[in-house]
J.: 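Here it is, the structure in full.
Below, each value reflects all heavy atoms present in this structure, side chains not excepted, and no hydrogens, waters or symmetry copies.
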Amino acid sequence: MDENNLVRILVVEDEPADFLLTERQLRRHGFDQIDIRRVASYVELNAALAQNWDLLLSDYSLPGMDFRTILRSVRDCCPDLPVILISGSVGEEEAVELLKTGLSDFVLKGNLARLAPAVQRALKEMAELKARKEAERALKDSEKRFFTVFRASPLAIVISDPVSGRIHDVNEAFLKLLGYERDEVVGRTSVELGMWADSAQRTELIEILRQQGPERSSVEANFRRKNGESGYLSISAAMIELDGAPVMLSTLADVTARKRDEAELADYRLHLEQLVASRTREMQVARDEAEAANQAKSAFLANMSHEIRTPMNAILGLTHLLSRRIDSPDELDKLGKINEAANHLLNVINDILDLSKIEAGKLQLDIRDFAPSSLFDQVHSLIRANLQAKGLRFESDSDGLPPVVAGDLTRFRQALLNYLGNAVKFTEHGGIALRAHVLETTATDLLVRFDVTDTGIGIAPDKLPHLFQAFEQADNSTTRKYGGTGLGLAITRRLARLMGGDAGAESTSGQGSTFWFTARLGRRDGMTPQQLTERLATEVSEEQVIQEHAGAWVLLVEDNPINQEVAVALLHEGGLQVDVADDGAQAVAKVTANKYDLILMDMQMPVMDGLDATRAIRKLPGCADLPILAMTANAFGEDRQRCLDAGMNDYVAKPVEPELLFATLLRWLPAAGVKRKPVEVVAVPEVLSTLPGVDAAFGLRNLRGNVQAYLDLLGRFMQYHVADMDAVRRLLAAGDVQSARRVAHNLKGTAGTLGLNGLATVAAEVEQGVLAGMAQVDLEPRLKAVQDTYDVLQTALANIPKSVEISLPMDHGDINALTQKLARLLAEGDVQAGVLMRAQRPLLLAEMGPMLLGQIERQIELFDYEAGLVLLEAWQSTRKG
């Protein structure tokens, strides 16, 4: 920059500090000869534009001013004045758009290092523009002074013949620009000199001149100097008369630097556009990933619920069944502890699922009438044993509440038990009090506060704000000393807010605590607890099911063998006859061939799930009104809705509560025939009791005590699963982790069903290792352990005689009656023959043996009842003989 020239810069900026920063930046980079002024309103701007300025700098976001309006005002008043945008708020896309509409450049406030080069470039372009215009005016003003101006012009000028293109004259700037001597240029054409890197560009300029007439036209073209160097020229040409003859006068300006800057700016613009596109794609990907993660979370929780509740169903169901058959106080005590532990685990599971459902907004309140005094008595009874074990006194007071109110009884009980359980846990001496009183009354509801006060260890004031956050406890040692998930209080607060209230705590360290929550309860004026009891007196027992529906046929669709055993046993105790299908496809086939009174349908099964099976059954003739009840471990409300949408009539959650199951059966079962006599279970033969790692008693119970059938299943199991660990190795090597896990999972489940506990345990370790992402080399010891256990078991089974004596207590009168009934049904071609055979298969198998029974079953499956009858009658004749 020429230090003798004063540069006048007008700045549109509302912040004086930003103006001073801009001025300081310019002066620091060589612009010390500047006259710089700030304006901050349209009035000041319009007044300032009446003066001459070399450059205008403007902020983008100005109170009461719009940058686009500023730009239009400048262009209307001073069309050639360069404008540079300085902003920290303009977006990249809008900046690129402004550059396209005439903005000279833009500089971000966070990158003022670009300001000085941008100003230099703008001033240079302004100077070039002014110089060209001044030259043009000089040429037009006077031909007399033309050659003086021509020779002295700083712009390169050439005069040439418009037709032939031969050069008449050039000035010194032209010769200096291109590196020629005058005699090398005059009389020759620019094409002959090789000035045009592309001669077509000269033709384009001539054509433009021809079309536009004498008006000045310009192009930018790639050129070559005499020494071969290339660059860019801005060529402006016009047709004039010189000495009465038409000539073409052209001015040339070297714009190589500007073109290079423009190329860089274009690259920058392209980068910005690509960056915007890239960020848009990233946002889309992030949104898709978030949606996928949310779906994966829901799927994970549903699967976790199913996977955990399925074995929980077996634990609680088997405990219930055993407690009905055991008289020993010691064994009943152990069963009670198993049941208590299982229910505790179920409560933990429910806490996790409740929190997830609340956070997802999917928890629905179940409003019903209840008596607060009964609720208080109930929660007291649930903690009574723990209170007595610690010698704690208990007080309760619900007298301030109406006799009957309306609310979600389950959630109130859950909230109170959360508080009471913690109170007992953290209190060693003294007592606990549960109280409730009305805070507010409206025409339709009450706002009630529930308090649980203890004399326990108390909580430090700085810990109180964190108590009701998920997974938080008073301090890190709480979990180690007292246990707990840290979810109970978080769930209580969320439940209270769902019920129109809130939750909190008041405590003094070492002196006890008061935990409270508020909730809105519906008013039920005039109703007494006795009236409520009479209305709700619907306790259900299996005796009612026996009396009203004994002999009804139920199809149980369940893929888990243990859950099959539990459900079948419960249904048998209700006097029901049960047929079992292992998956949805089998269920559809059985319903096609047989007539059932009701179907209990699991949701998640191989081959065909319960939803698809239900839809298929509903399409079968006569099955539109067949009661189909979901019995599944999927615990979410949307799972219930999916079942109903698929055509099911009702829903029973696992773990199954017998009372709830019988109540649901009573709602849907039609009246049926005769109660089925249960089958007795045999003792375990000595030869099976010595098998290593095998609980033969458990395996036999699943087969109703049939030893030969059990041995047959063991043989088939050993045959089918001999190569499982090789399959796991191949799948892991191929990267198919999910399939490898499924092989181990199936081996574990099948082995467990047959009582092969040792094999099931090592198979579970393989499954856990695969799930944990263990490398195949680290997993190899577990794979070998499975194979070794398998080999030991196979050797032991090989030493068992092919035929083991079966000591099954049998009522031959019953078996005779059974086979006579079966023969009659076969003779009549009645499909109930298949139903009867499947229901009484253990008795028939024990009497006929697997080969003959299998032959009869195959004929029945083919609906060839006559052939089945021939086989049955032949067996009856042999038996009589």
Side-chain angles (χ1 to χ4, degrees), residues 542 545-556 564 567-569 571-581 586-587 589-600 622 626 665 669-682 703-706 708-709 806 808-881:
E542 62 265 32
V545 177
I546 293 170
Q547 291 171 7
E548 299 178 23
H549 303 283
W553 278 98
V554 174
L555 175 62
L556 173 67
Q564 285 180 1
V568 168
L571 295 170
H572 281 171
E573 290 192 351
L576 304 176
Q577 300 185 74
V578 187
D579 196 3
V580 178
Q586 287 186 21
K590 286 177 178 287
V591 173
T592 302
N594 306 301
K595 180 177 177 61
Y596 298 101
D597 296 301
L598 182 141
I599 299 175
L600 286 170
L626 175 62
L665 291 173
L669 272 173
V674 183
K675 177 184 175 183
R676 177 186 178 191
K677 184 176 180 178
V679 178
E680 297 183 26
V681 181
V682 300
L703 293 172
R704 312 299 293 175
N706 191 294
Q708 202 61 53
I806 303 171
L808 179 65
M810 186 68 64
D811 185 335
H812 292 285
D814 284 350
I815 193 64
N816 290 336
L818 172 61
T819 53
Q820 288 173 8
K821 181 178 179 180
L822 179 60
R824 185 180 71 255
L825 292 172
L826 289 173
E828 295 172 355
D830 193 329
V831 294
Q832 288 297 320
V835 177
L836 178 61
M837 191 157 209
R838 281 185 291 274
Q840 301 289 354
R841 192 177 191 279
L843 283 172
L844 295 171
L845 181 63
E847 195 70 18
M848 295 181 179
M851 181 174 296
L852 175 60
L853 182 61
Q855 291 174 344
I856 297 175
E857 285 176 329
R858 280 192 292 275
Q859 298 304 324
I860 291 176
E861 288 174 0
L862 295 172
F863 299 98
D864 191 347
Y865 298 129
E866 185 177 351
L869 179 59
V870 170
L871 293 171
L872 179 59
E873 289 177 341
W875 173 81
Q876 287 176 321
S877 299
T878 303
R879 189 168 181 272
K880 290 177 182 178

J.: Which is it for Leu600 and Leu571 under the side chain to side chain contact (heavy atoms under 4.5 Å, CB included) test, yes or no, and what are the steps along the way?
T.: CA-CA 11 Å; Leu600 286 170; Leu571 295 170; 3.8 Å; yes
J.: Before giving the answer on side chain to side chain contact (heavy atoms under 4.5 Å, CB included), spell out for Ile856 and Trp875 the whole-Å C-alpha distance, their side-chain angles and the decisive distance to 0.1 Å.
T.: CA-CA 11 Å; Ile856 297 175; Trp875 173 81; 5.8 Å; no
J.: Looking only at non-hydrogen atoms, find the nearest pair between Lys590 and Val580 and report the distance.
T.: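 The answer is CE-O, 3.1 Å.
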J.: Decide yes or no on side chain to side chain contact (heavy atoms under 4.5 Å, CB included) for Leu598 and Leu576, but give the supporting numbers first.
T.: CA-CA 10 Å; Leu598 182 141; Leu576 304 176; over 6 Å; no
J.: For a quick test of reading the model, state the closest non-hydrogen atom pair linking Lys595 to Trp553 and the distance between them.
T.: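 It is O-CB, 4.4 Å.
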J.: Ignoring hydrogens, what is the shortest heavy-atom contact between Tyr596 and Leu626? Give both atom names and the distance.
T.: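 Answer, listing the atom of Tyr596 first, then Leu626: O-CD1, 3.2 Å.
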J.: Check the pair His549, Leu665 against side chain to side chain contact (heavy atoms under 4.5 Å, CB included), reporting the backbone distance first and the verdict last.
T.: CA-CA 9 Å; His549 303 283; Leu665 291 173; over 6 Å; no
J.: Rounded to the nearest 0.5 Å, what separates atom CD in Gln820 from atom CG in Leu872?
T.: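 If I round to the nearest 0.5 Å, the distance is 10.0 Å.
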J.: What closest approach, in Å, do Ala581 and Ala587 show between heavy atoms, and which atom pair accounts for it?
T.: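 Between these two residues, the closest heavy atoms are CB-N, 3.7 Å.
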